[in-house]
There are 2 protein chains.
Amino acid sequence: MATTNIKEVAQRARVSVGTVSNVLNRPEIVSPATRERVFDAIRELGFVRNEVARHLRVGRSRTVGLIVLDVANPFFADVAQGADSLADEHDTMVVLCNSAADPARELRHLYQLEQQRVMGILITPVDAGNPRLAELAARGTPVVLVDSAATGLQCSVAVDDRLGGHIAGSHLIERGHRKILFVGGPQSIKQVADRHAGFTSAVTEAGDTEPGGGVDPGGGMGPGGGVELVAWFMPALSVANGRSAGERVAALPSGERPTAAFCANDLLALGFLQAMAARGLRVPDDMAIVGYDDIDFAAAATVPLSSVRQPRELLGRTAIDLLLEEVAEPELHRHRQVIFQPDLVVRQSSDLHRSPH
Amino acid sequence: MATTNIKEVAQRARVSVGTVSNVLNRPEIVSPATRERVFDAIRELGFVRNEVARHLRVGRSRTVGLIVLDVANPFFADVAQGADSLADEHDTMVVLCNSAADPARELRHLYQLEQQRVMGILITPVDAGNPRLAELAARGTPVVLVDSAATGLQCSVAVDDRLGGHIAGSHLIERGHRKILFVGGPQSIKQVADRHAGFTSAVTEAGDTEPGGGVDPGGGMGPGGGVELVAWFMPALSVANGRSAGERVAALPSGERPTAAFCANDLLALGFLQAMAARGLRVPDDMAIVGYDDIDFAAAATVPLSSVRQPRELLGRTAIDLLLEEVAEPELHRHRQVIFQPDLVVRQSSDLHRSPH
DNA sequence: TCATCGGCTTGAGTCGATTCAAAAAGATCA
DNA sequence: TGATCTTTTTGAATCGACTCAAGCCGATGA
């Protein structure tokens, strides 16, 4: 380890360590001649400042942790990109961590980041009610919830998932579907629960205006005159789980089979779509599909996918913005909950103009 | 900032700071009674060890930097996941950084990571010949090249890109194509150059055995009896660039238009495929397509995409492995270059059995 | 009772950069 | 030339945890 330190630089430039530090941090207070000598020494020795020591002394870090549910999901990649771009403008580094929706991994990352004394943590929590998050904040590490609304104890940026679910539901009902499947992930994930709730509410409203319509919003596949709803909660929001949900649906007798599916994210939807193709069901004729997130691949799918769009990069940027605001004035800071509106991008996968059956 | 330190813990437990440190690092040498008292104090105060101070003192960090060309590309997400999983087993943290194929961003990240005195850096360099990488290693931060072969100055893990290009080229020629387009990214990216070179070599070999075949491997669209090759190098390996290449090709008169395209990665290929659909060209009938990386979305595309598959997670795991090996015994360590073999997954996008024309 | 020994605990010194009061050097003016 | 400012530079103290030589203590054996 041939790491040069500030002391060697000082020796070489024939000044004190204090002066080298000044050159590094407030060059304007050092005389030009000295400053040049120090710069020369830095260059000759290949000196790179030890940020660890600096951090220990000043107590303030220049890195932010971002913990997401799934790095392999392009949605989060875009959120991360948004966060990174704004952080960069503030000379701050974002370290991206993957909880893979596993509470134990999430906890480990939280602990590691706290040990590192990062400036703050942006997190899409596995479980938004996790008391550890509040404890973290209390111990001095600000936390911003991303894609998940907070309850006042911390800042958050989110997209209205209930509204998104509602939009998707209304769209499918409007297109004439009367038996609709919701494909979700673990209900403990708030996004899943909210999208499902919004979706259900759309169905309920439709049932109210439906003449003689009996609605079954809860799940289960009972008979009923109005809109029938089934909900399946898969163990993860992945392509593979979407595929297995699709296969399960395709195996149903065509009379019992829903005519449309709303998937809680695009990965599920893409897997679901693959299963349809594999089982010879036509999309949207036999099965309409709406996804969520509108990742770039949604438009490039076997059948271009309708999807609820969220402002992905803006989510990331706003989260960093809230964090920087909190760090800049911890006293004055009032926690804020920012909520964006999603919108639906209709593509071929749900765009059947005639009513099915 | 209510951060408790080891001193407060010591006071509360009525022991010295040295003892608290011992409890933290070698609990077995502390008597059970004292140990318990200290653990109690830690719990009561909510003490979390300051990794920054620890790192400064012991000089060794427990984090590794991973700089990739594009976090939004699922290929790199999978590499990162592989790295993360092995690092986790060694109680080490991976911080993921995105260079976005921009040398300036890459440089900034290298600098930040060196300042943080990370244990080492895994990087998919924008320019593998960058002398900064060797300098970094010389100054004490080990570097492992990922998805890019090194020349002996450092460790590397890669997949044989020339071979991958060759496999793709042979496949298309075998399927009867005689006018083939290569869609690449910046030639400065080694993966692009190698895939192109391998691809060209496949064509050249085919030309040699072709009766009377004049081959034009370099690019340009001159006439010739054998296999004709065109190469377009787009500014980035993205879906958008693939789309614009596709539109450009679709605009050609059908006589001049290639019948097949090999794209340097799947993002390009997916964009290219979208453009074909938009312009009403059938895949694979009017245009066969082969991509590279075999990301999960390739199989889910409008027309399932043939693609050259790489062992993505294994790349990441192996990179961490090499790094840990180097860090464990810096003296004994001999740099190694690990190379994996790619293979082709044939799907519908290139699977036309009759010869085109 | 005293010397010896092993098991625990102590606390000063250290890692590298920053800070700031104080000293030194330089500039200005009478 | 000396007094008075102003501009630069200095170096000791500091951040929090780790290390290790030295000390303490109780037990054991003579």
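In what follows, every chain begins at residue 1, and chains take the letters A, B, ... in the order their sequences are listed. Note that this is a predicted model, so its numbers are computed, not measured.
- Under 4.0 Å is where a charged nitrogen must lie from a carboxylate oxygen, and between R132(A) and E106(A) no such pair does.
- Of all nucleotides in DNA chain D having an atom under 4.0 Å from a heavy atom of chain B, the first and last in 5' to 3' order are dG16(D) to dT19(D).
- Ion pairing of R317(A) with E89(A) is present here, as a side-chain N (NZ or NE/NH1/NH2) and a carboxylate O approach within less than 4.0 Å.
- Within the nucleic acid shown, S31(B) comes within 4.0 Å of sugar-phosphate atoms alone, with no base atom in reach, counting heavy atoms only.
- Toward the 5' end of DNA chain C, the nearer of the two residues S21(A) and N22(B), judged by each one's closest nucleotide, is N22(B).
- V30(A) comes within contact range of the sugar-phosphate backbone alone, with a heavy-atom separation under 4.0 Å but no base atom that close.
- Under a 3.5 Å cut-off, the side chain of S148(A) and the backbone N or O of L145(A) do not form any donor-acceptor pair.
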Inset, instruction - List the steps and the verdict of side-chain contact (heavy atoms from CB on, under 4.5 Å) for V64(B) and L323(B). - result: CA-CA 9 Å; V64(B) 171; L323(B) 180 65; 3.6 Å; yes
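- V15(B) comes within 4.0 angstrom of the backbone, heavy atoms only, and of no base.
- Projected onto DNA chain C by closest heavy-atom contact, A53(B) and R54(A) fall at different nucleotides, the more 5' of which corresponds to A53(B).
- Ion pairing between R43(B) and D40(B) holds under the 4.0 Å rule for side-chain N and carboxylate O.
- With a cutoff of under 4.0 Å to any heavy atom of chain A, the contacted region of DNA chain C is bounded 5' to 3' by dG16(C) to dT19(C).
- Toward the 5' end of DNA chain D, the nearer of the two residues L56(B) and P32(A), judged by each one's closest nucleotide, is P32(A).
- By the 4.0 Å N-to-carboxylate-O rule, E51(B) lies too far from R62(B) to be salt-bridged with it.
- Under the 3.5 Å distance criterion, with hydrogens and angles disregarded, a donor-acceptor pair is assigned to the side chains of N25(A) and R54(A).
- Taking the nucleotide of DNA chain D with the nearest heavy atom to each of R117(A) and R57(A), the more 5' of the two is matched to R57(A).
- With salt bridges taken as basic N to acidic carboxylate O contacts below 4.0 Å, none links R336(B) and D321(B).
- Contacts of N25(B) with the nucleic acid, taken as non-hydrogen atoms under 4.0 Å apart, involve only primed sugar atoms and P, OP1 or OP2.
- Ion pairing between a basic and an acidic side chain is recognised when a charged N comes within 4.0 Å of a carboxylate O; D147(B) and K190(B) show no such pairing.
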